[in-house]
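What follows is a set of notes on a single structure, which appears directly below.
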Amino acid sequence: MFKKVLISNRGEIAIRAMRACRELGVQTVAVHSEADKNALFAKYADEAYNIGPAPSSQSYLNGDRIIEVALECGAEGIHPGYGFLSENAKFARKCEEAGITFIGPSSKAIEQMGSKIAARNTMIEAGVPVVPGTNEAISDPEEAADIADGIGYPVIIKASAGGGGIGMKIVHSRKDFNNALHSIQSVAESAFGDSTVFIEKYVEEPRHIEFQILADKYGDAVYVMERECSIQRRHQKLIEEAPSPVMTPELRQKMGETAVKAAKAIGYENAGTVEFLYSKGDFYFLEVNTRLQVEHTISEMITGIDLAKQQLHIACGEPLPFKQEDITIRGWAIECRINAEDPLNDFAPSPGKIRRYRSAGGPGIRVDSGVHMGYTISPYYDSMISKLCAWGSDRDEAIDRMQRALYEYVVVGVTTNIPFHKAVLRHPAFREGKLTTHFIDDYNIIDDVRKVVEEDSAKGATLASALSNQDQKVAAVTAAVSSYVNAAKKQTK
């Protein structure tokens with residue numbers, strides 16, 4: 001096992017990796033920007049180093065500086081978390097060249113999956129089902145429109161280097177195609193420095209189902225069951241659950257074995273996720289996320305497998321300690337991403353200082369977070385406050401516990417998406433497991449969010465006031481809740 005590991009990330013995922021290290025007796029090194037010098041993750045680590053100004057381009061994306069720190073402090077491995085440099089083949093290669101273990105897949109595997117076009121072609125060769133579409137880059141607008149006509153509308157235009165829900169656009173007719181193509185090419189160039197795009201048939205009533213995989217250096221790989229991630233906004237996940245409500249034992253085996261086949265096709269090592277679109281009995285390869293996912297927590301809760309620890313064991317050259325038949329499902333788990341964002345304003349980020357904070361607790365609840373009372377949500381980074389997870393013996397109990405946990409959660413000072421989560425979980429269609437990636441629009445969830453905000457105003461003031469007996473602070477809590485309610489009412493008019 002490693003003696004010292006550097007975590008090249010921030011927030012809750014940095015703490016998650018550090019916790020795994022601490023349990024294994026591994027010393028941890030944090031790197032932080034100037035804005036994060038007093039952040040919890042920087043204080044939690046055994047050592048911490050400032051690597052630059054607040055903008056991520058000058059700090060968390062500065063791979064050369066991170067490797068320099070790793071060499072200076074004697075770290076044997078670098079855990080990249082998710083986001084930032086976690087799927088950067090160039091960074092992984094530089095780690096390899098510097099004699100530092102990149103705690104993830106090889107640079108070659110990342111490179112193969114970094115291009116969606118290349119990944120698509122690799123999966124076709126491996127016999128993995130893919131959505132009908134183009135297998136090479138498109139550039140000529142007229143030729144591309146002809147291809148879309150041949151595939152049949154609706155189609156979706158995707159950036160080949162895309163990720164995180166960025167660089168996708170659904171097109172319903174030829175007259176809208178050219179504008180959509182230029183738009184995605186522009187976004188792709190700006191976000192990824194690569195304007196390459198391709199076209200796929202848009203799958204109707206899609207569910208987003210992904211399989212967690214673990215693969216060692218000796219050719220063995222397993223799937224650690226599935227997660228349903230269909231509740232999304234702008235192609236970005238907000239609520240995930242494990243297992244999927246649509247799954248049967250036969251379908252799970254078929255999709256799981258396909259996920260393992262996909263991993264072996266690229267010589268994958270370490271933890272990763274194979275994502276699929278599922279619709280009306282059919283499933284199609286979507287992409288491979290070559291890192292630990294945000295929602296890995298719920299897979300851990302239903303299987304008892306510590307995925308972060310497994311990453312470290314595999315990176316050290318240890319074989320998988322279990323076979324596929326050893327992995328079983330116990331109960332049900334749901335994750336809600338608690339973000340500082342306003343669901344009534346198109347989920348716009350809401351940076352600011354958290355003045356009052358009380359996370360949920362009690363039976364079956366897990367909270368992964370890097371914030372605390374007095375913490376400032378920075379405009380420079382992702383707006384996540386925490387990952388709130390609930391476990392139950394079955395899906396109904398998991399939902400009930402999550403609803404109770406959301407009731408308990410108090411965050412004052414920034415607007416959060418907690419009302420959104422409440423609105424979704426209490427909707428009959430969610431309770432029945434009738435999920436698609438269009439759930440928010442199909443059921444007009446934002447209208448329900450407005451109702452939740454108004455209903456919660458009194459409760460919010462009451463629970464928040466329990467955090468302090470000072471009238472001035474209680475008044476501030478009440479004012480914050482009232483302000484949100486008034487804003488919701490204005491948007492309703």
Side-chain angles (χ1 to χ4, degrees), residues 1 20 23-24 103-106 109 113 123 126-129 207-229 240-276 278 281-286 288-293 295-335 364 366 389 391-395 397-398 433:
M1 181 51 64
E23 289 182 22
L24 292 172
I103 302 173
S106 67
M113 293 296 103
M123 293 305 136
V128 175
R207 300 177 78 118
H208 186 135
I209 299 176
E210 61 188 28
F211 274 73
Q212 176 69 55
I213 57 170
L214 287 172
D216 63 23
K217 297 178 181 294
Y218 310 103
D220 289 327
V222 295
Y223 58 91
V224 190
M225 305 308 169
E226 82 281 354
R227 300 183 287 256
E228 171 102 33
C229 309
E240 302 99 347
E241 59 182 295
S244 165
V246 78
M247 199 59 60
T248 63
E250 296 76 20
L251 180 61
R252 175 175 295 118
Q253 182 177 353
K254 187 175 181 180
M255 293 183 72
E257 290 176 352
T258 301
V260 169
K261 182 191 291 185
K264 289 186 175 181
I266 58 171
Y268 198 88
E269 298 173 10
N270 216 270
T273 302
V274 182
E275 302 195 343
F276 297 99
Y278 173 89
D282 295 319
F283 64 90
Y284 308 95
F285 171 81
L286 186 61
V288 175
N289 287 121
T290 54
R291 55 176 168 78
L292 197 64
Q293 293 278 83
E295 59 274 16
H296 75 277
T297 48
I298 52 177
S299 293
E300 293 181 328
M301 294 175 85
I302 67 165
T303 64
I305 294 173
D306 189 316
L307 295 169
K309 280 186 182 178
Q310 287 304 318
Q311 284 191 292
L312 293 162
H313 286 302
I314 292 170
C316 283
E318 298 177 26
L320 288 175
F322 36 67
K323 300 294 184 182
Q324 190 62 60
E325 57 268 24
D326 300 324
I327 304 172
T328 58
I329 294 175
R330 176 178 173 271
W332 211 283
I334 299 174
E335 175 181 287
R366 169 177 171 173
C389 301
W391 178 91
S393 58
D394 56 26
R395 188 168 187 266
E397 184 175 49

Hey, could you give me the [atom1]/[atom2] distance between [X] and [Y], rounded to the nearest 0.5 Å?
X    : Y    : atom1 : atom2 : value
I334 : E397 : CD1   : CD    : 11.0 Å
M255 : E250 : CE    : CD    : 14.0 Å
M113 : R291 : CE    : CZ    : 14.5 Å
T303 : D326 : OG1   : CG    : 12.0 Å
I103 : E269 : CD1   : CD    : 13.0 Å
I327 : F322 : CD1   : CZ    : 5.0 Å

Looking only at heavy atoms, which two atoms of [X] and [Y] are closest? And how far apart?
X    : Y    : value
P243 : I302 : N-CD1, 4.0 Å
M301 : G364 : CE-O, 3.9 Å
A271 : Q311 : CB-CG, 3.7 Å
Q293 : H296 : O-ND1, 2.9 Å
W332 : A398 : O-CB, 3.8 Å
A221 : A215 : CB-CB, 3.8 Å

Look at the side chain of [X] and the backbone N and O of [Y], then say whether any donor-acceptor pair between them is shorter than 3.5 Å.
X    : Y    : value
Y223 : Q324 : no
E300 : L307 : yes
D216 : Y218 : yes

Inset, instruction - Side-chain contact test, heavy atoms from C-beta onward, threshold under 4.5 Å: evaluate it for C229 versus E295 and give yes or no. - result: yes
Inset, instruction - May I ask you to test the T258-P129 pair for a side-chain heavy-atom distance under 4.5 Å? - result: yes
Inset, instruction - Measure from the ring center of F283 to the ring center of Y278 and say whether it is less than 6.0 Å. - result: no
Inset, instruction - Show your reasoning for whether side chain to side chain donor-acceptor pair (under 3.5 Å) applies to S299 and Q212. - result: CA-CA 8 Å; S299 293; Q212 176 69 55; 4.9 Å; no
Inset, instruction - Please lay out, stage by stage, how V288 and T273 fare under the test side chain to side chain contact (heavy atoms under 4.5 Å, CB included). - result: CA-CA 6 Å; V288 175; T273 302; over 6 Å; no
Inset, instruction - List the steps and the verdict of side chain to side chain contact (heavy atoms under 4.5 Å, CB included) for H313 and Q310. - result: CA-CA 5 Å; H313 286 302; Q310 287 304 318; 4.3 Å; yes
Inset, instruction - Would you check, one step at a time, whether the test side chain to side chain contact (heavy atoms under 4.5 Å, CB included) holds for F276 with F211? - result: CA-CA 8 Å; F276 297 99; F211 274 73; 4.1 Å; yes
Legend entry - Basic-acidic side-chain contact under 4.0 Å: E240, R227: no
Legend entry - Side-chain ion pair, K217 and E318, N-O less than 4.0 Å: no
Inset, instruction - Can you spot which of E228, R207, H208 makes a side-chain hydrogen bond (donor to acceptor under 3.5 Å, both in side chains) with S244? - result: E228
Legend entry - Sole candidate of N270, V224, V222, V274 that passes side chain to side chain contact (heavy atoms under 4.5 Å, CB included) when paired with I213: V274
Legend entry - Residues forming a side-chain hydrogen bond (donor to acceptor under 3.5 Å, both in side chains) with R252, sequence neighbours excluded: E226
Inset, instruction - Decide yes or no on salt bridge (Lys or Arg N to Asp or Glu O under 4.0 Å) for E241 and R395, but give the supporting numbers first. - result: CA-CA 9 Å; E241 59 182 295; R395 188 168 187 266; 2.6 Å; yes
Inset, instruction - Assess whether side chain to side chain contact (heavy atoms under 4.5 Å, CB included) is satisfied between E210 and L286, documenting all intermediate values. - result: CA-CA 9 Å; E210 61 188 28; L286 186 61; over 6 Å; no
